[in-house]
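Note that the coordinates shown come from a computational prediction; the quantities given were computed from them, not determined experimentally. Sequence lines set the chain letters: A, B, ... in the order given, protein chains first and strands last, and positions in each chain run from 1.
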Amino acid sequence: MSETLRTARVPRSPMAPPRTFLWTRRIFLTLLTGFVLVPVYVMVSSSLKPLADVTGTFHWLPSELTIRPYIDIWSTVPLAKYFVNSLIVAGAATVCSVVIAVFAAYAVSRYSFRGKRVFTVTVLSTQMFPGILFLLPLFLLYVNIGNATGIALFGSRGGLILTYLTFSLPFSIWMLIGYFDSVPRDLDEAALVDGCGPLGALFRVVVPAAIPGIVAVAVYAFMTAWGEVLFASVMTNDTTRTLAVGLQGYSTQYDVYWNQIMAASLVVSVPVVAGFLLLQRYLVAGLTAGAVK
Amino acid sequence: MTTTAPAREPAVRKDPPGAARGPRRRTGRLRRVTLPYLLLLPALILELLVHLIPMVIGVVMSFKELTQFYIRDWGTAPWSGFDNYKVSVDFDAPVGEALLHSFLVTVVFTLLSVGLCWLIGTVAAICMQDTFRGRGLLRALFLVPYALPVYAAVITWVFMFQHDNGLVNHVLHDQLRLTDKPSFWLIGDNSFIALLTVSVWKGWPFAFLIVMAGLQNIPKELYEAAALDGAGMLQQIRRITLPSLRPVNQVLVLVLFLWTFNDFNTPFVLFGKGAPQAADLISVHIYQASFVTWNFGTGSAMSVLLLLFLLVVTGVYLALTSRDRTAGSSRRRKETADV
């Protein structure tokens, strides 16, 4: 092997990877692409099949192409309503979480104060708690708050928003601290000298300089809220149900409408995946600054 | 998580030159003292409301005899001392035995899943370090499993694992003839393989993303120097890439471990409320102990035990890796000083 390598390497620069590596890489990446894409293909192809096709033996190709499932998904379950619910919950949780994380990260990154270490350690360690730990206590707490104040948290979108925004908060604060630290301190100090208040310095200097980090955090928060299942299935009712629970509606006692499930899965995935792929550059940049350094 | 642990340089701000002196300065100082707390206030309130208070309630609940009779007014439930804990860790009795089994399954599952995610993610990131045609497209494709909402992705796997009309059995049995008869994937022993497959499929892109970000920080000159010294591809990976990635990997493995260990969404969508024995992950197990058998006190005790375990593991891990890291960084400092 070393013989072939040496002859192969002669015309190449010392930096060029050896041929064997190129071939291993091709094979590995092909297999990996297959692994990644097969479920995506199944989702797309099954969503275009008639019901008879998805209840019988699996076939790679549809017997006939139909867009019927895409029409039926909206009437089999109130998908549009779930969609709107998910959008409201995930959107509100994202906006609130990002704003709150920006403030908190700015305080930690730019000021020294008593209890700073305690705060960061506490916030970050909540990241490691299993969600199941909070489920019942939170449920009881929301019911109690509701009884005492009349604010309906349990079963409402508000309760879900409140819960979800704290799920992404620790990670967001942590990433933004790293990102804000990488924004030179001289910049916002110059703004302070020029007469900005601390908030002015934050919004006019630090935030614009940290946009990639903020976008990354927003993407993460939105995905967390959009994909959460546990709290959505316990803390929602008929009117506030999100997509995470709503998709279960396609399997009845007698039939499982797999083609419609796949169509609905695709419909709920497209906005998130498209947004994610558009913003992935920011995510990589944000992770580099926030998590890696 | 660990990156914030070392104390940040104290942010003692000098008064900006030319700032007003006298009374305004005092209000300025007052604001400087209170401002960070004001900025932290929303985060603090939310952390208290959604994480810390429920945690305290959870601990209190674990000492109560909390069955469905008391759930409406849980404060009145009788105290039970350590009974719930005794039941949970009595490994000879059914409840404790099931918990221990579930715990062991979770540990094995987590180790395998994190290991595979890390391995595939790292190899893929190294493979895609230098440019080739289609790299951008491939990178976007690889991130799709991570971007897909859990329920949509996992439900597709449920369809693929179906006994009669699933792709997996069609390929393994009908096309490749590897099995005598179609297997069950969502019940029985195979369910562990199914869960692991889905978990790795869903999780490796995150490792890929982080390692890719970490690779960008390794200076090209290191590789050039190594290549001139005659180091081959594999040697470069072993001597340069992996050591440089160490701080990244430490954070990555910890985060992957916590996420996988605590994951509820994947097994819940894959198996529903009652997971098969072979794939009975701890979070679903606790969910079932609390919400299906209506024994909230025992469920809370199990949660607290789980939390203690995670605290210990994370603490030990952080202690080990941070000692490593300070040694590494002081070595680095020395090297730069020598230069």
Side-chain angles (χ1 to χ4, degrees), chain A residues 14-15 17-18 21 25 28-29 32 36 39 42-43 55-56 58 100 103-104 106-107 110-113 120 123-124 126 128-134 136-138 140-141 163 166 174 177-178 192-193 198 226-227 229-230 244 247 258 261 265 268-269 272-273 276-277 280 284 287-288 291-292, chain B residues 1 3-4 10-12 16 35-36 39-40 42-43 46-47 50-51 54 57-58 74 124 127 140-145 147-152 155-157 159-160 165-167 170 210 213-214 216 224 227-228 233 248 251 258 262 264-265 268-269 283 286-287 290 296 303 306-307 310 314:
Chain A
M15 277 302 289
F21 169 72
R25 176 168 84 181
F28 175 76
L29 290 181
L32 198 58
V36 166
V42 168
M43 200 192 269
T55 49
F58 181 86
I100 292 167
F103 283 136
Y106 182 64
R110 290 302 198 256
Y111 292 89
S112 67
F113 51 90
T120 43
V123 166
L124 290 176
T126 57
M128 65 189 276
F129 300 156
I132 187 76
L133 183 74
F134 306 118
L136 186 64
L138 209 54
L140 295 176
L141 190 69
T163 317
T166 59
W174 172 50
I177 292 173
L192 288 171
V193 173
W226 193 261
V229 178
L230 174 60
L247 284 196
W258 281 113
I261 294 179
S265 298
V268 307
S269 301
V272 208
V273 174
F276 181 82
L277 293 183
Q280 52 130 337
V284 174
L287 287 169
T288 317
V292 171
Chain B
M1 227 164 280
T3 46
T4 52
V12 183
L35 185 69
L39 290 171
L40 287 181
L46 283 166
E47 283 293 323
V50 183
H51 285 138
I57 299 179
W74 64 281
C127 280
L141 276 183
F142 283 172
L143 296 177
V144 167
L148 280 172
V150 183
Y151 47 88
I155 225 167
T156 309
W157 279 98
F159 178 50
M160 288 163 58
N165 54 349
L167 167 138
H170 177 64
I210 298 280
Q216 291 173 359
E224 279 161 22
L228 286 179
M233 188 81 199
V248 178
V251 180
L258 291 173
N262 292 334
F264 178 88
N265 297 336
F268 187 72
V269 180
S283 35
I286 293 177
Y287 176 88
S290 319
F296 296 108
S303 308
L306 177 64
L307 184 60
L310 289 172
T314 312

- Begin from the C-alpha positions of B/F159 and A/I261 and carry the test side-chain contact (heavy atoms from CB on, under 4.5 Å) through to its verdict. CA-CA 9 Å; B/F159 178 50; A/I261 294 179; over 6 Å; no
- Item | Check against side-chain contact (heavy atoms from CB on, under 4.5 Å), A/F113 and B/L39 | CA-CA 12 Å; A/F113 51 90; B/L39 290 171; over 6 Å; no
- Task: Starting from the C-alpha separation in whole Å, work towards a yes-or-no answer on side-chain contact (heavy atoms from CB on, under 4.5 Å) for A/V272 and B/L148.
- Result: CA-CA 7 Å; A/V272 208; B/L148 280 172; over 6 Å; no
- Item | Step-by-step side-chain contact (heavy atoms from CB on, under 4.5 Å) determination, A/F134 to B/V50 | CA-CA 8 Å; A/F134 306 118; B/V50 183; 6.0 Å; no
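Across every non-hydrogen atom of B/P149 and A/S269, the tightest pair is CD-OG, 3.6 Å. The two residues A/P39 and B/T156 come nearest to each other via the heavy atoms O-CG2, 3.4 Å. Shown here for A/F28 and B/C127, the closest heavy-atom pair between the two residues is CD2-SG, 4.0 Å. Minimum interatomic distance between A/S265 and B/A152 (heavy atoms only, all atoms of both residues): CB-CB, 3.8 Å.
Across A/F21, A/F58, A/W226, the residue that shares the most heavy-atom pairs under 4.5 angstrom with chain B is A/F58. Chain B forms the most heavy-atom pairs under 4.5 Å with one residue out of A/T166, A/I100, A/L247, A/L277, and that residue is A/T166. Interface check for chain A: of the options B/V150, B/I155, B/V144, the most heavy-atom pairs under 4.5 Å are formed by B/I155. Counting heavy-atom pairs under 4.5 Å between each of A/P130, A/A104, A/G56 and chain B puts A/P130 at the top.
Contacts between B/S290 and chain A at a heavy-atom distance below 4.5 Å are absent for every atom of the residue. At a 4.5 Å heavy-atom cutoff, the contact between B/F264 and chain A is made by side-chain atoms alone. In this structure, chain B has a heavy atom under 4.5 Å from the side chain of A/W258, while its backbone stays farther away. With a threshold of 4.5 angstrom between heavy atoms, B/L306 approaches chain A through side-chain atoms but not through N, CA, C or O.
Note that OG1 of A/T120 and CG of B/L40 are 9.5 Å apart. Values are rounded to the nearest 0.5 Å. To the nearest 0.5 Å, atom CD1 of residue B/I57 and atom CG of residue A/L140 are 7.0 Å apart.
A/L230 has its side chain out of reach of B/F268: every pair of non-hydrogen atoms, C-beta onward, lies at least 4.5 Å apart.
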